[in-house]
Amino acid sequence: NFAANVSHELRSPITQIRLKGESLLYGLAITEEEKQKDISVIIRESERLTWLVENVLDYTAIERSTKQYYLKKGDIGDTVYRAVESLQATLSMGDAVIEMNITNDIPLIVHDPHAIGQCVVNLITNAIKYSGNEKWVSISLSHREDILLMMVTDRGIGIPIKDINHIFEPFFRSDDREARRQKGTGIGLSITKHIIEAHGGSISVQSVMGMGSTFTVRLPYQKEGELS
Ligand code: ADP
């Protein structure tokens, strides 16, 4: 099932890349603007492919207990900002509004920027994917004493109560009709949870059907070298 879902997800970006490549090769894109559009679709879809493949590789590494983290003390606001920026570059016009609220008093925190960036991409991609027509997402960072809080909120379809305790399990996909309209592999949230827990943190969700969901990540401020 997983292989079928991954193949299904790979197919759409590959088709787009091929179509736009052919359009450029055979001169179907004539004006400079058309050519630029084709090139940006190729770049955008390649980025999507990279994320998908990265999730699959990560899942394998987690399963084999070989996933490694490169932890260093750094500006997590910058990590989040970069992830959102790269996501925004892959969105088509009118796809979604992503609101960022990062206060500038967030202390430096030990984290793996690449892994945390991947969590941000996974959470925001879901928020957009499982939104109805109003694709609005907000991501905020704040801190309370020795805890950093990251919240990702959407106004989407929501998560059925019976599924709340399962969505972080590998391969779990809700059988809700609205949710099933979207393609997926069911590994994004399980990887996200693994990454957050490897940082000594936790992730939880609150959701109301038809109103939206909020994923809350709590990360402790730890000293360098404290995490393995
Ligand atoms: P995928 O999206 O590939 O199915 P995930 O592990 O990212 O896998 O998510 C697991 C399931 O949790 C999804 O299939 C969906 O049912 C539900 N889900 C995740 N994020 C949201 C969200 N923001 N709103 C509603 N449902 C969500």
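We use all heavy atoms of the structure for the numbers below, so side chains are in, but hydrogens, waters and symmetry mates are not. Note that ligands are numbered from 1 as they come in the structure, with each ligand's atoms numbered from 1 the same way.
- Here is the list of ligand 1 atoms found below 4.0 Å of a heavy atom in Phe172: 10 (C), 11 (C).
- Of the protein's heavy atoms, Arg173 NE, 2.5 Å lies nearest to atom 4 (O) of ligand 1.
- Residue contacts with ligand 1 for Thr192 are absent, since no atom lies close enough (heavy atoms, distance under 4.0 Å).
- Atoms of ligand 1 found under 4.0 Å from any heavy atom of Ile167, numbered from 1 in the order shown, are 10 (C), 12 (O).
- Looking only at heavy atoms of the protein, atom 7 (O) of ligand 1 is closest to Asn126 ND2, 2.8 Å.
- At least one donor-acceptor pair closer than 3.5 Å links the side chain of Ser86 to the backbone N or O of Ala83.
- The shortest N or O to N or O distance between Ile157 and ligand 1 is not below 3.5 Å.
- Between atom CD1 of residue Ile76 and atom CD1 of residue Ile102 there is a gap of 9.5 Å, rounded to the nearest 0.5 Å.
- In this structure, Met209 stands alone, with no Ile, Leu, Val, Met, Phe, Trp or Tyr side-chain heavy atom under 4.5 Å from its own, directly or through other members.
- Asp75 has no carboxylate O lying under 4.0 Å from a charged side-chain N of Arg82, or vice versa, which leaves the two without a salt bridge.
- With a 4.0 Å cut-off on non-hydrogen atoms, Phe215 touches ligand 1 through its side chain and not its backbone.
- Remark: side-chain polar atoms of Ser207 are paired, donor with acceptor, to backbone N or O of Ile159 under 3.5 angstrom.
- Contact annotation: for Ser174 versus ligand 1, heavy atoms closer than 4.0 Å belong to both the backbone and the side chain.
- Looking at atom 21 (C) of ligand 1, its nearest protein heavy atom turns out to be Tyr130 CD1, 3.5 Å.
- Distance from atom 23 (N) of ligand 1 to its nearest protein heavy atom, with residue and atom name: Asp154 OD2, 2.9 Å.
- Residue contacts with ligand 1 for Lys129 involve side-chain atoms from C-beta outward but no N, CA, C or O (heavy atoms, distance under 4.0 Å).
- Panel note: side chain Asn122, backbone Leu189; no donor-acceptor pair is recorded below 3.5 Å.
- The closest approach between any non-hydrogen atom of Pro170 and ligand 1 is not below 4.0 Å.
- Protein heavy atom nearest atom 26 (N) of ligand 1, with residue, atom name and distance: Ile159 CG1, 3.4 Å.
- The hydrophobic cluster containing Val152 does not contain Trp136, counting ILVMFWY residues as joined when their side-chain heavy atoms lie under 4.5 angstrom apart, directly or transitively.
- Near Ser213, the atoms of ligand 1 lying under 4.0 angstrom from a non-hydrogen atom of the residue are 24 (N).
- For atom 5 (P) of ligand 1, the nearest non-hydrogen atom of the protein is Leu189 N, 3.7 Å.
- Within the structure, ring-ring contact (aromatic ring centres under 6.0 Å, His included) contacts touching residues 31-62 (residues at least two apart or in different chains) are Tyr59-Phe171.
- Using a 30° and 60° split on the angle between ring planes, His111 and His199 fall in the tilted class, from 30° to 60°.
- When the side chains of ILVMFWY residues are joined at heavy-atom separations under 4.5 Å, either directly or via intervening members, Leu10 and Ile43 end up in a single hydrophobic cluster.
- The shortest contact between atom 8 (O) of ligand 1 and any protein heavy atom is with Gly186 CA, 3.1 Å.
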